[in-house]
Amino acid sequence: MQKSNHPFHLVDPSPWPLTGSIGAMTMTSGMVMWFHMKNPTLMFLGIMILILTMIQWWRDIVREGTYQGKHTIMVTNGLKWGMILFIISEIFFFISFFWGFFHSSLAPTIEIGMSWPPKGIKTFNPMDIPLLNTTILLCSGITITWAHHSIMNKNHNQTIKGLFLTVTLGIYFTILQAYEYLESPFTISDSVYGSCFFMATGFHGIHVIIGTTFLLVCLIRTMKFHFSNKHHFGFEAAAWYWHFVDVVWLFLYISIYWWGS
């Protein structure tokens with residue numbers, strides 16, 4: 001490692017931003033082809049390019065932070081602020097869905113029968129799968145906190161157990177959400193209720209999948225002894241993200257499943 005007289009990380013030239021851009025463009029163009037021509041081949045090619053880019057880009061970041069010592073205190077502080085600002089942007093992303101939902105539900109228009117839920121919409125029972133999913137995510141919040149305290153107390157085995165349970169609960173949540181979608185008596189095209197429901201819960205489901213993947217990578221890295229009690233921001237960022245996903249689901253459950261039904 002070359003010596004420098006500053007604590008910052010000047011990133012080496014990398015091909016991954018370019019391949020990531022190509023993958024994103026290919027996937028977006030492929031989605032248009034899929035919608036209009038019923039041909040998903042280009043979309044799957046774009047997804048494959050993105051997945052390969054992510055694997056190799058994150059592999060390089062892990063090497064820089066774990067083996068090359070480039071994630072100094074100053075760099076880690078910058079990463080923390082970056083993650084905080086990212087989560088704030090995600091909060092506003094979901095605020096837009098809640099804004100649309102309450103705009104439509106608090107003053108239903110004549111086009112949807114001046115009632116909420118709109119006439120003809122059979123909603124989910126909030127005491128069935130939605131309540132079970134709420135319990136699952138609340139339990140996962142406990143297990144990720146357990147893992148976080150374990151890593152700070154240098155308890156390697158309990159960190160692995162806590163992370164494994166959190167990943168398992170995340171996968172379980174996703175399976176139940178998929179089952180709920182398959183059994184849904186309405187679709188995304190069934191009035192503004194269907195649009196609000198599937199956009200809000202669908203994007204939350206995508207965030208759960210991303211968070212589960214994030215935590216799975218942290219579990220693998222923990223098993224490889226990449227983290228110490230003082231140097232584990234990758235894990236900490238994943239925990240912050242997971243708590244954010246938990247809180248968003250609580251608002252979704254209370255407003256859309258319980259109050260909105």
Side-chain angles (χ1 to χ4, degrees), residues 4 6-25 27-28 50-51 53-66 68-102 137 140-141 144-145 147-149 151-152 163 166-167 170 173 199-219 221-222 226-252 255:
S4 57
H6 59 79
F8 302 102
H9 178 201
L10 302 180
V11 184
D12 297 325
S14 169
W16 311 130
L18 176 61
T19 59
S21 303
I22 293 168
M25 183 66 185
M27 184 185 73
T28 309
L50 277 177
I51 289 171
T53 298
M54 287 189 290
I55 290 170
Q56 293 171 103
W57 198 345
W58 295 339
R59 175 206 64 192
D60 289 353
I61 293 169
V62 167
R63 286 174 177 171
E64 291 164 358
T66 308
Q68 297 176 348
K70 293 184 177 179
H71 287 183
T72 61
I73 293 173
M74 289 291 287
V75 173
T76 304
N77 285 337
L79 292 171
K80 284 180 179 178
W81 277 110
M83 193 67 195
I84 289 166
L85 292 171
F86 170 67
I87 290 173
I88 289 170
S89 74
E90 292 279 271
I91 289 168
F92 280 95
F93 176 75
F94 277 100
I95 282 173
S96 66
F97 294 129
F98 286 110
W99 189 295
F101 175 78
F102 285 113
L137 276 191
S140 73
I144 192 67
T145 305
H148 195 182
H149 281 272
I151 202 169
M152 289 191 292
L163 272 171
T166 310
V167 170
F173 176 94
M199 285 297 286
T201 59
F203 270 108
H204 177 267
I206 290 169
H207 282 73
V208 170
I209 293 169
I210 293 167
T212 305
T213 308
F214 203 169
L215 290 168
L216 181 61
V217 171
C218 287
L219 174 60
R221 293 189 65 195
T222 303
H226 284 190
F227 298 129
S228 70
N229 66 319
K230 296 246 168 63
H231 192 86
H232 56 264
F233 178 67
F235 171 83
E236 206 168 6
W240 291 355
Y241 189 82
W242 195 253
H243 287 307
F244 155 73
V245 168
D246 280 355
V247 172
V248 169
W249 175 259
L250 287 176
F251 281 102
L252 280 174
S255 59

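Below, each value reflects all heavy atoms present in this structure, side chains not excepted, and no hydrogens, waters or symmetry copies. The first residue of the sequence shown is numbered 1, and numbering continues consecutively from there.
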Asker: In terms of ring plane angle, is the pair F203 and F97 parallel, tilted or perpendicular, where the classes change at 30° and 60°?
Answerer: parallel
Asker: Would you name the heavy atoms of E64 and H9 that are closest together and state the gap between them?
Answerer: OE1-CE1, 3.2 Å
Asker: Under 30°, 30 to 60°, or over 60°: which ring-plane class applies to Y241 and F86, parallel, tilted or perpendicular?
Answerer: parallel
Asker: How close do L215 and A238 get, counting heavy atoms only, and between which atoms?
Answerer: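 Reported closest heavy-atom pair: CD2-CB, 3.7 Å.
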Asker: Return the OG to CZ distance between S96 and F101, rounded to the nearest 0.5 Å.
Answerer: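 If we round to the nearest 0.5 Å, S96:OG and F101:CZ are 14.0 Å apart.
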Asker: What I want to check is whether the side chains of S140 and W242 have a donor and an acceptor closer together than 3.5 Å.
Answerer: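 The answer is yes; a qualifying pair exists.
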Asker: Give the minimum heavy-atom separation between L137 and V245, together with the two atoms involved.
Answerer: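 Shortest heavy-atom separation between L137 and V245 comes out as CD1-O, 4.4 Å.
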Asker: What orientation do W249 and H204 show, parallel under 30°, tilted 30 to 60°, or perpendicular over 60°?
Answerer: tilted
Asker: My understanding is that only one of F233, F214, F235 makes a ring pair (Phe, Tyr, Trp, His ring centres under 6.0 Å) with W240; could you say which?
Answerer: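 Among F233, F214, F235, the one meeting ring pair (Phe, Tyr, Trp, His ring centres under 6.0 Å) with W240 is F233.
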Asker: What closest approach, in Å, do H207 and F244 show between heavy atoms, and which atom pair accounts for it?
Answerer: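 Nearest pair, atom of H207 first, then F244: CD2-CE2, 4.1 Å.
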Asker: Of the non-hydrogen atoms in V167 and T212, which two are nearest, and what is the gap between them?
Answerer: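 Distance-wise, the nearest heavy atoms are O-CG2, 3.8 Å.
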Asker: Rounded to the nearest 0.5 Å, what's the gap from CD1 on I88 to CZ on F92? Could you check?
Answerer: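 Atom-to-atom, I88:CD1 and F92:CZ are 7.5 Å apart.
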Asker: Taking the side chain from H232 and the backbone from S228, do they hold a donor-acceptor pair closer than 3.5 Å?
Answerer: yes
Asker: Evaluate side-chain contact (heavy atoms from CB on, under 4.5 Å) for W16 paired with R59, printing each intermediate quantity in order.
Answerer: CA-CA 11 Å; W16 311 130; R59 175 206 64 192; 4.0 Å; yes
Asker: To the nearest 0.5 Å, what is the distance between OG1 on T19 and CG on L50?
Answerer: 8.5 Å
Asker: State, to 0.1 Å, how close C218 and G234 come at their nearest heavy-atom pair, and which atoms those are.
Answerer: SG-O, 3.7 Å
